[in-house]
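The figures that follow rest on heavy atoms only: side chains count, while hydrogens, waters and symmetry mates do not.
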Amino acid sequence: GTYAASASKTFAGDKDAALAAWQELVSERMQFAGATAAAEPRITRSEKWRYWRVDLDNGTRVTIGFSDKAGGRAGSRASIGVQHEKLADADAVGAAKAFWKDLLAQL
């Protein structure tokens, strides 16, 4: 089977503000979890979601989803969820999870 790592964070702002903050944080970065971006990140949008995706040169793929959290004032909080897929083994999962948690903490 394949392995995946995930991490998440609540962001003070709506999904568009969360995506903008993420883009600013990683705008100059090409290295993610020990691998290099194989191409430019892609951004897609739907009514409820924003996605930032990048394929890495080690064959793994990262998808980050941004959505408004339910409850409270509209647009007051967003959820950011990272999914890093196609990892080689359980050790890679632990390393990737630590990397993404540390990066999300910078938001």
Side-chain angles (χ1 to χ4, degrees):
T2 60
Y3 292 84
S6 61
S8 63
K9 176 180 178 72
T10 297
F11 182 83
D14 68 10
K15 63 184 173 284
D16 291 314
L19 174 59
W22 176 257
Q23 288 180 276
E24 183 176 334
L25 177 65
V26 300
S27 65
E28 301 296 319
R29 181 183 282 273
M30 291 299 293
Q31 294 279 327
F32 298 94
T36 302
E40 287 293 315
R42 303 171 304 284
I43 295 171
T44 56
R45 293 172 169 83
S46 71
E47 184 177 331
K48 293 184 179 184
W49 289 90
R50 306 297 183 258
Y51 294 100
W52 181 95
R53 295 180 172 98
V54 68
D55 296 322
L56 302 178
D57 66 355
N58 63 358
T60 65
R61 177 180 31 212
V62 178
T63 300
I64 303 180
F66 304 83
S67 65
D68 291 326
K69 286 186 79 83
R73 294 189 341 248
S76 63
R77 295 184 311 154
S79 177
I80 304 171
V82 177
Q83 185 74 12
H84 192 160
E85 300 173 313
K86 298 186 177 183
L87 296 167
D89 54 33
D91 290 337
V93 170
K97 189 172 210 123
F99 172 84
W100 293 111
K101 283 185 174 189
D102 287 346
L103 195 56
L104 287 172
Q106 296 177 39
L107 288 175

Participant: List the residues meeting side-chain hydrogen bond (donor to acceptor under 3.5 Å, both in side chains) with N58, not counting sequence neighbours, and say none if there are none.
Facilitator: T60
Participant: Other members of the hydrophobic cluster containing F66, with the 4.5 Å side-chain heavy-atom rule, please.
Facilitator: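 F11, L19, W22, L25, V26, F32, I43, W52, V54, L56, V62, I64, I80, V82, F99, W100, L103, L104, L107, which link up through side-chain heavy atoms under 4.5 Å apart, make up the rest of the cluster.
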Participant: Going by side-chain hydrogen bond (donor to acceptor under 3.5 Å, both in side chains), name the pairs with one or both residues in residues 23-38, residues two or more places apart or in two chains.
Facilitator: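 Checked against side-chain hydrogen bond (donor to acceptor under 3.5 Å, both in side chains) - neighbours excluded - the pairs reaching residues 23-38 are Q31-T36.
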Participant: Kindly give the heavy-atom pair with the smallest separation between A88 and A92, and that separation in Å.
Facilitator: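 Between these two residues, the closest heavy atoms are N-CB, 4.1 Å.
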Participant: Restricting to pairs with a member in residues 85-97, which pass salt bridge (charged side-chain N to carboxylate O under 4.0 Å, His left out), not counting sequence neighbours?
Facilitator: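 Qualifying pairs: R61-E85.
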Participant: Taking only residues two or more places apart in sequence, or in another chain, which ones meet S79 in a side-chain contact (heavy atoms from CB on, under 4.5 Å)?
Facilitator: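 For S79, the residues satisfying side-chain contact (heavy atoms from CB on, under 4.5 Å) (neighbours in sequence not counted) are S67, K69.
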Participant: Got a sec, which pairs hit salt bridge (charged side-chain N to carboxylate O under 4.0 Å, His left out) with one end in residues 36-53, sequence neighbours left out?
Facilitator: D16-R50, R42-D55
Participant: Treating D68 as the side-chain partner and K15 as the backbone partner, does any N or O pair qualify as donor plus acceptor under 3.5 Å?
Facilitator: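 Yes, the answer is positive, given that a donor and an acceptor are paired below the 3.5 Å cut-off.
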Participant: Check this for me: K9, atom NZ, are more than 12 non-hydrogen atoms of other residues, nucleotides or ligands nearer than 6.0 Å?
Facilitator: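 Count over threshold, so yes.
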Participant: Grab the two heavy atoms, one from A5 and one from A96, that are nearest each other, plus how far apart they are.
Facilitator: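 Taking A5 first and A96 second, the nearest heavy atoms are CB-CB, 3.9 Å.
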